[in-house]
Amino acid sequence: MSNPTVAQKFPYVKDMPAGTYYWCACGNSKTQPLCDGSHKGTAFSPVKVDVAVAKKVAFCGCKHSKNAAFCDGSHSKL
Ligand code: FES
Ligand code: FES
């Protein structure tokens, strides 16, 4: 599988209202950190994130996290 595009080498920390979101795994979305459909034609598909209660979320921006859709510090090794 090809490598994802690094959207940025640090997390997107966002205040998220409760809801269902789709994190961009390919790195090509223009609406980071969320999927905008740009993955079409690639091996990537978005990762569903359910936020039960409004909270701050650190979404992985580098797309190399082992705990996608969330930052796990892997960006520091890129
Ligand atoms: Fe990247 Fe959909 S745009 S996974
Ligand atoms: Fe990807 Fe931190 S931004 S692991």
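Counting convention: from 1, in listed order, for ligands and their atoms alike. Computed from a predicted structure; not experimentally measured.
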Discussion item. When you measure from atom 2 (Fe) of ligand 2 to the N, O or S atoms of C71, does any of those distances fall below 2.8 Å?
Written reply: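 Yes.
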Item to complete: Give a yes or no on whether H75 keeps an N, O or S atom under 2.8 Å from atom 2 (Fe) of ligand 2.
Response: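 An N, O or S atom of H75 is closer than 2.8 Å to atom 2 (Fe) of ligand 2, so yes.
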Discussion item. Apply salt bridge (Lys or Arg N to Asp or Glu O under 4.0 Å) to residues D15 and K56 and explain how you reach the verdict.
Written reply: CA-CA 4 Å; D15 286 311; K56 200 177 283 289; 3.2 Å; yes
Item to complete: Please write down residue, atom name and distance for the protein heavy atom closest to atom 2 (Fe) of ligand 1.
Response: H39 ND1, 2.2 Å
Item to complete: Could you check atom 4 (S) of ligand 1 against the protein and tell me its nearest heavy-atom contact, residue, atom and distance included?
Response: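 It is A25 N, 3.3 Å.
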Worksheet item: Looking at side-chain heavy atoms only, is the closest gap between F70 and V57 below 4.5 Å?
Response: yes
Worksheet item: Side chains of K48 and T20: closer than 4.5 Å at any heavy-atom pair?
Response: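 The answer is yes; the side chains approach within 4.5 Å.
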Item to complete: Please identify which atoms of ligand 1 are closer than 4.0 Å to at least one heavy atom of C24.
Response: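 Checking each atom against C24, I get 1 (Fe), 3 (S), 4 (S).
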Discussion item. Test your reading of the model: is there a side-chain donor-acceptor pair from T5 to the backbone of A7, 3.5 Å cut-off?
Written reply: no
Fill in: Side-chain donor/acceptor of K63 to backbone N/O of C24, under 3.5 Å
yes
Worksheet item: Counting backbone and side-chain atoms alike, does C60 have an N/O/S atom under 2.8 Å from atom 1 (Fe) of ligand 2?
Response: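 Short answer: yes, at least one N, O or S atom is under the cut-off.
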Worksheet item: Which atoms from ligand 2 have a heavy atom of G61 less than 4.0 Å away?
Response: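 Taking each heavy atom of G61 in turn, ligand 2 has 1 (Fe), 3 (S) under 4.0 Å.
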Worksheet item: Does any N, O or S atom of C35, backbone or side chain, fall under 2.8 Å from atom 1 (Fe) of ligand 1?
Response: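 Coordinating: no.
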Discussion item. Using side-chain contact (heavy atoms from CB on, under 4.5 Å), reason through V49 and F59 one step at a time and then give a plain yes or no.
Written reply: CA-CA 10 Å; V49 176; F59 290 104; 4.3 Å; yes
